[in-house]
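Reading through the C-alpha coordinates given below for one structure.
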Amino acid sequence: MKTETSPMELEGRIEKIDWFHSIDLGNGVITPGKDDSQNKLSRLALPERFDGKSVLDIGAWDGFFSFEAEKRGAKQVLAVDSYSWSGKGWGTKSGFELARSTLKSNVEDREIEVYDLSPEKIGVFDIGFFLGVFYHLRNPLRALECVSSVTKEMLILETFVDELKNSRPAMAYYSGTDDNTDSTSWWGPNVKCVEAMLKTVGFKKTQVVSLKKHRGFPSPNTGRVVIHGWK
(Lines give C-alpha, C1' and ligand atoms only; values in the text may rest on other atoms or scores of the structure.)
Protein backbone atom coordinates (compact mmCIF):
# COMPACT_ATOMS: atom_id res chain seq x y z
CA MET A 1 0.00 0.00 0.00
CA LYS A 2 1.37 3.40 -1.00
CA THR A 3 1.89 5.83 1.88
CA GLU A 4 1.95 9.62 1.83
CA THR A 5 5.34 11.31 1.61
CA SER A 6 6.21 13.01 4.88
CA PRO A 7 7.20 16.72 4.86
CA MET A 8 10.77 15.74 5.77
CA GLU A 9 10.95 13.20 2.96
CA LEU A 10 9.54 15.73 0.51
CA GLU A 11 12.08 18.36 1.52
CA GLY A 12 14.84 15.80 1.02
CA ARG A 13 13.64 14.95 -2.48
CA ILE A 14 13.29 18.65 -3.37
CA GLU A 15 16.88 19.35 -2.31
CA LYS A 16 18.20 16.76 -4.78
CA ILE A 17 16.66 18.56 -7.76
CA ASP A 18 18.00 21.61 -9.58
CA TRP A 19 14.75 23.58 -9.99
CA PHE A 20 13.91 26.24 -12.55
CA HIS A 21 10.34 27.03 -11.46
CA SER A 22 9.23 28.14 -8.00
CA ILE A 23 6.17 25.93 -7.40
CA ASP A 24 3.97 26.02 -4.32
CA LEU A 25 3.54 22.37 -3.37
CA GLY A 26 1.30 23.13 -0.40
CA ASN A 27 1.87 23.13 3.36
CA GLY A 28 4.30 26.02 3.01
CA VAL A 29 6.65 24.12 0.70
CA ILE A 30 7.86 26.12 -2.34
CA THR A 31 10.49 24.76 -4.69
CA PRO A 32 13.68 26.88 -4.89
CA GLY A 33 13.47 27.77 -8.57
CA LYS A 34 15.80 30.18 -10.35
CA ASP A 35 12.81 31.64 -12.21
CA ASP A 36 10.53 34.22 -10.59
CA SER A 37 7.55 32.20 -11.77
CA GLN A 38 4.89 34.07 -9.81
CA ASN A 39 6.02 37.44 -11.13
CA LYS A 40 6.11 36.09 -14.68
CA LEU A 41 2.58 34.77 -14.20
CA SER A 42 1.33 38.26 -13.41
CA ARG A 43 2.75 39.54 -16.71
CA LEU A 44 1.14 36.84 -18.85
CA ALA A 45 -2.43 38.13 -18.39
CA LEU A 46 -3.84 34.62 -18.56
CA PRO A 47 -7.61 34.18 -18.72
CA GLU A 48 -8.99 33.82 -15.20
CA ARG A 49 -10.57 30.49 -16.09
CA PHE A 50 -9.86 27.74 -18.63
CA ASP A 51 -13.02 25.75 -17.95
CA GLY A 52 -13.77 23.33 -20.76
CA LYS A 53 -10.52 24.20 -22.56
CA SER A 54 -7.55 22.04 -23.48
CA VAL A 55 -4.12 23.61 -22.87
CA LEU A 56 -0.72 22.77 -24.35
CA ASP A 57 2.36 23.97 -22.43
CA ILE A 58 5.35 23.95 -24.79
CA GLY A 59 8.70 23.91 -23.00
CA ALA A 60 7.03 23.08 -19.69
CA TRP A 61 10.22 22.34 -17.69
CA ASP A 62 9.12 21.92 -14.03
CA GLY A 63 5.50 22.52 -15.01
CA PHE A 64 4.57 25.70 -13.12
CA PHE A 65 2.34 27.00 -15.91
CA SER A 66 0.91 23.56 -16.71
CA PHE A 67 -0.28 23.21 -13.13
CA GLU A 68 -1.59 26.77 -13.18
CA ALA A 69 -3.75 25.99 -16.22
CA GLU A 70 -5.10 22.96 -14.40
CA LYS A 71 -5.89 25.08 -11.32
CA ARG A 72 -7.82 27.45 -13.57
CA GLY A 73 -10.11 24.65 -14.68
CA ALA A 74 -8.62 23.31 -17.93
CA LYS A 75 -10.23 20.00 -18.85
CA GLN A 76 -6.93 18.72 -20.29
CA VAL A 77 -3.35 19.93 -19.96
CA LEU A 78 -0.43 18.45 -21.88
CA ALA A 79 3.09 19.48 -20.84
CA VAL A 80 5.71 18.95 -23.54
CA ASP A 81 9.46 19.43 -23.40
CA SER A 82 12.64 17.87 -24.66
CA TYR A 83 15.69 20.05 -24.09
CA SER A 84 14.92 20.77 -20.43
CA TRP A 85 13.95 17.18 -19.66
CA SER A 86 16.61 15.16 -21.44
CA GLY A 87 18.63 17.59 -23.54
CA LYS A 88 22.06 19.14 -23.16
CA GLY A 89 20.93 21.73 -20.62
CA TRP A 90 21.08 21.49 -16.85
CA GLY A 91 17.37 20.75 -16.43
CA THR A 92 15.76 17.34 -15.89
CA LYS A 93 12.22 15.97 -15.72
CA SER A 94 12.56 15.15 -12.01
CA GLY A 95 11.07 18.46 -10.85
CA PHE A 96 8.01 18.08 -13.06
CA GLU A 97 7.43 14.51 -11.93
CA LEU A 98 7.82 15.31 -8.22
CA ALA A 99 5.56 18.37 -8.46
CA ARG A 100 2.88 16.46 -10.38
CA SER A 101 2.93 13.64 -7.85
CA THR A 102 2.86 15.96 -4.83
CA LEU A 103 0.06 18.11 -6.27
CA LYS A 104 -1.89 14.97 -7.29
CA SER A 105 -2.16 16.59 -10.71
CA ASN A 106 -3.68 15.07 -13.84
CA VAL A 107 -1.39 17.03 -16.18
CA GLU A 108 -0.21 14.73 -18.98
CA ASP A 109 3.29 14.80 -20.45
CA ARG A 110 5.02 14.07 -23.73
CA GLU A 111 8.73 14.32 -24.47
CA ILE A 112 8.90 15.85 -27.93
CA GLU A 113 10.81 18.53 -29.86
CA VAL A 114 9.00 21.73 -30.89
CA TYR A 115 9.71 20.92 -34.55
CA ASP A 116 7.91 17.57 -34.19
CA LEU A 117 4.64 19.04 -32.91
CA SER A 118 1.75 18.14 -35.20
CA PRO A 119 -1.96 17.28 -34.92
CA GLU A 120 -1.13 13.70 -35.87
CA LYS A 121 1.35 13.29 -33.01
CA ILE A 122 -0.26 15.17 -30.12
CA GLY A 123 -3.66 16.43 -31.27
CA VAL A 124 -4.93 20.03 -31.33
CA PHE A 125 -5.42 22.22 -28.26
CA ASP A 126 -7.64 25.22 -27.62
CA ILE A 127 -4.88 27.25 -25.97
CA GLY A 128 -1.11 27.09 -26.27
CA PHE A 129 1.60 28.37 -23.92
CA PHE A 130 4.92 29.17 -25.62
CA LEU A 131 6.88 30.76 -22.80
CA GLY A 132 10.60 31.50 -22.82
CA VAL A 133 11.28 29.16 -25.75
CA PHE A 134 11.07 31.11 -29.02
CA TYR A 135 14.49 32.82 -28.92
CA HIS A 136 16.27 29.56 -28.08
CA LEU A 137 15.25 27.95 -31.38
CA ARG A 138 17.50 27.88 -34.45
CA ASN A 139 14.52 27.91 -36.83
CA PRO A 140 11.91 30.18 -35.21
CA LEU A 141 9.49 30.51 -38.13
CA ARG A 142 9.39 26.77 -38.67
CA ALA A 143 8.81 26.33 -34.94
CA LEU A 144 5.91 28.79 -35.00
CA GLU A 145 4.36 26.90 -37.91
CA CYS A 146 4.46 23.71 -35.83
CA VAL A 147 3.04 25.52 -32.78
CA SER A 148 0.25 27.02 -34.88
CA SER A 149 -0.68 23.61 -36.28
CA VAL A 150 -1.57 22.33 -32.79
CA THR A 151 -3.21 25.55 -31.50
CA LYS A 152 -6.91 25.96 -32.25
CA GLU A 153 -7.87 29.28 -30.64
CA MET A 154 -5.24 31.23 -28.73
CA LEU A 155 -1.47 31.32 -28.20
CA ILE A 156 0.23 33.00 -25.25
CA LEU A 157 3.84 33.70 -26.20
CA GLU A 158 6.58 35.13 -23.98
CA THR A 159 10.05 35.83 -25.32
CA PHE A 160 13.25 37.83 -25.09
CA VAL A 161 13.27 40.72 -27.57
CA ASP A 162 15.96 42.91 -29.14
CA GLU A 163 16.13 45.66 -31.81
CA LEU A 164 13.38 47.56 -29.99
CA LYS A 165 14.42 50.87 -31.57
CA ASN A 166 14.07 49.45 -35.07
CA SER A 167 10.80 50.66 -36.62
CA ARG A 168 10.61 47.67 -38.98
CA PRO A 169 10.12 43.97 -38.14
CA ALA A 170 13.68 42.82 -37.41
CA MET A 171 15.59 40.12 -35.60
CA ALA A 172 19.13 40.11 -34.19
CA TYR A 173 21.18 36.95 -34.70
CA TYR A 174 23.53 35.90 -31.91
CA SER A 175 26.82 34.25 -32.80
CA GLY A 176 28.19 32.62 -29.70
CA THR A 177 27.03 34.79 -26.81
CA ASP A 178 27.12 38.27 -28.37
CA ASP A 179 24.81 40.79 -26.68
CA ASN A 180 22.61 38.29 -24.88
CA THR A 181 25.45 36.48 -23.03
CA ASP A 182 23.46 33.22 -23.24
CA SER A 183 24.94 30.55 -25.49
CA THR A 184 21.54 28.83 -25.80
CA SER A 185 19.95 31.92 -27.39
CA TRP A 186 19.99 32.31 -31.15
CA TRP A 187 17.65 35.22 -31.93
CA GLY A 188 16.49 38.55 -30.56
CA PRO A 189 13.37 39.56 -32.53
CA ASN A 190 11.69 42.88 -31.96
CA VAL A 191 8.01 43.08 -31.06
CA LYS A 192 6.89 43.92 -34.60
CA CYS A 193 8.78 40.91 -35.89
CA VAL A 194 7.10 38.51 -33.45
CA GLU A 195 3.65 39.88 -34.29
CA ALA A 196 4.35 39.65 -38.03
CA MET A 197 5.57 36.07 -37.73
CA LEU A 198 2.50 35.09 -35.71
CA LYS A 199 0.27 36.48 -38.45
CA THR A 200 2.31 34.66 -41.08
CA VAL A 201 1.59 31.30 -39.43
CA GLY A 202 -2.14 31.90 -39.04
CA PHE A 203 -2.87 34.06 -36.01
CA LYS A 204 -5.22 36.72 -37.37
CA LYS A 205 -5.11 39.01 -34.33
CA THR A 206 -2.26 39.79 -31.92
CA GLN A 207 -2.02 41.92 -28.79
CA VAL A 208 1.01 42.97 -26.75
CA VAL A 209 -0.05 42.57 -23.13
CA SER A 210 3.31 43.22 -21.47
CA LEU A 211 6.63 44.73 -22.53
CA LYS A 212 9.37 44.96 -19.96
CA LYS A 213 12.40 46.82 -21.32
CA HIS A 214 15.86 46.19 -19.93
CA ARG A 215 17.78 49.13 -18.54
CA GLY A 216 21.45 48.87 -19.36
CA PHE A 217 22.64 45.25 -19.43
CA PRO A 218 22.48 43.45 -21.77
CA SER A 219 21.26 46.40 -23.86
CA PRO A 220 18.66 49.17 -23.60
CA ASN A 221 17.26 47.83 -26.89
CA THR A 222 16.29 44.51 -25.28
CA GLY A 223 13.57 43.27 -22.98
CA ARG A 224 10.82 40.66 -22.52
CA VAL A 225 7.44 40.70 -24.20
CA VAL A 226 4.17 38.80 -23.79
CA ILE A 227 1.96 38.60 -26.86
CA HIS A 228 -1.47 36.97 -27.20
CA GLY A 229 -2.42 35.66 -30.61
CA TRP A 230 -5.83 34.46 -31.81
CA LYS A 231 -6.82 32.34 -34.81
Side-chain angles (χ1 to χ4, degrees), residues 19-25 30-31 33-81 83-84 91 95-96 99-100 103 105 107 109 114 117 125-137 140 143-144 147-148 150-162 164 182 185 187-195 197-199 201 203-214 222-231:
W19 294 85
F20 180 69
H21 287 146
S22 299
I23 303 174
D24 187 343
L25 298 181
I30 300 176
T31 63
K34 297 173 175 62
D35 181 59
D36 187 356
S37 309
Q38 197 62 45
N39 181 57
K40 185 182 291 183
L41 177 62
S42 67
R43 294 193 295 110
L44 294 180
L46 299 182
E48 288 296 320
R49 299 294 302 171
F50 288 118
D51 298 283
K53 300 294 186 181
S54 57
V55 177
L56 175 66
D57 185 8
I58 303 163
W61 207 320
D62 296 326
F64 177 91
F65 299 101
S66 304
F67 304 130
E68 183 64 30
E70 185 177 48
K71 285 194 294 185
R72 297 188 184 211
K75 67 177 181 180
Q76 179 192 9
V77 181
L78 177 63
V80 300
D81 209 315
Y83 186 84
S84 296
F96 172 81
R100 179 171 59 179
L103 294 170
S105 167
V107 170
D109 67 279
V114 174
L117 296 175
F125 294 77
D126 297 315
I127 298 169
F129 293 170
F130 198 36
L131 313 175
V133 178
F134 182 71
Y135 58 101
H136 291 297
L137 301 170
L144 277 183
V147 170
S148 178
V150 294
T151 306
K152 187 188 301 182
E153 297 177 6
M154 178 186 188
L155 181 68
I156 299 169
L157 182 151
E158 192 274 346
T159 184
F160 174 83
V161 285
D162 201 337
L164 293 179
D182 182 351
S185 297
W187 302 99
N190 63 11
V191 176
K192 289 184 178 181
C193 181
V194 179
E195 289 190 290
M197 292 174 76
L198 284 171
K199 290 177 180 177
V201 300
F203 292 93
K204 296 180 176 64
K205 177 185 174 183
T206 61
Q207 180 182 358
V208 177
V209 298
S210 172
L211 176 58
K212 183 180 180 181
K213 296 182 180 180
H214 290 148
T222 63
R224 309 284 305 198
V225 72
V226 177
I227 299 177
H228 292 184
W230 293 269
K231 288 292 184 75

Determine yes or no for a side-chain-to-main-chain donor-acceptor pair under 3.5 angstrom, with Ser54 supplying the side chain and Asp126 the backbone.
yes

ring-ring contact (aromatic ring centres under 6.0 Å, His included) between Phe96 and Phe67, worked out:
CA-CA 10 Å; Phe96 172 81; Phe67 304 130; 5.7 Å; yes

Does atom NZ of Lys231 have more than 12 heavy-atom neighbours from other groups under 6.0 Å away?
yes

Which atoms form the tightest heavy-atom contact between Asp62 and Phe20, and what is the distance?
OD2-N, 2.7 Å

Beyond-backbone contact of Leu211 with Val161, side-chain heavy atoms, under 4.5 angstrom:
yes

Determine whether the side chains of His214 and Thr222 contain a donor N or O and an acceptor N or O closer than 3.5 Å.
yes

Are more than 12 heavy atoms from other residues, nucleotides or ligands located less than 6.0 Å from atom NZ of Lys34?
yes

Presence of salt bridge, Lys71 and Glu68, under 4.0 angstrom:
yes

Keeping the roles fixed (side chain from Thr31, backbone from His21), state whether a donor-acceptor pair exists under 3.5 Å.
yes

Report yes if the side chains of Phe134 and Met197 come closer than 4.5 Å at any heavy-atom pair, otherwise no.
yes

Give a yes or no answer on whether the side chain of Ser37 reaches the backbone of Ser22 with a donor-acceptor pair at less than 3.5 Å.
yes

Side chains of Val209 and Leu44: closer than 4.5 Å at any heavy-atom pair?
no

Can you name the nearest heavy-atom pair linking Ala60 to Asp81, along with the distance?
N-OD2, 3.2 Å

Does Ser66 use its side chain to pair, donor to acceptor, with the backbone of Ala79 at less than 3.5 Å?
no

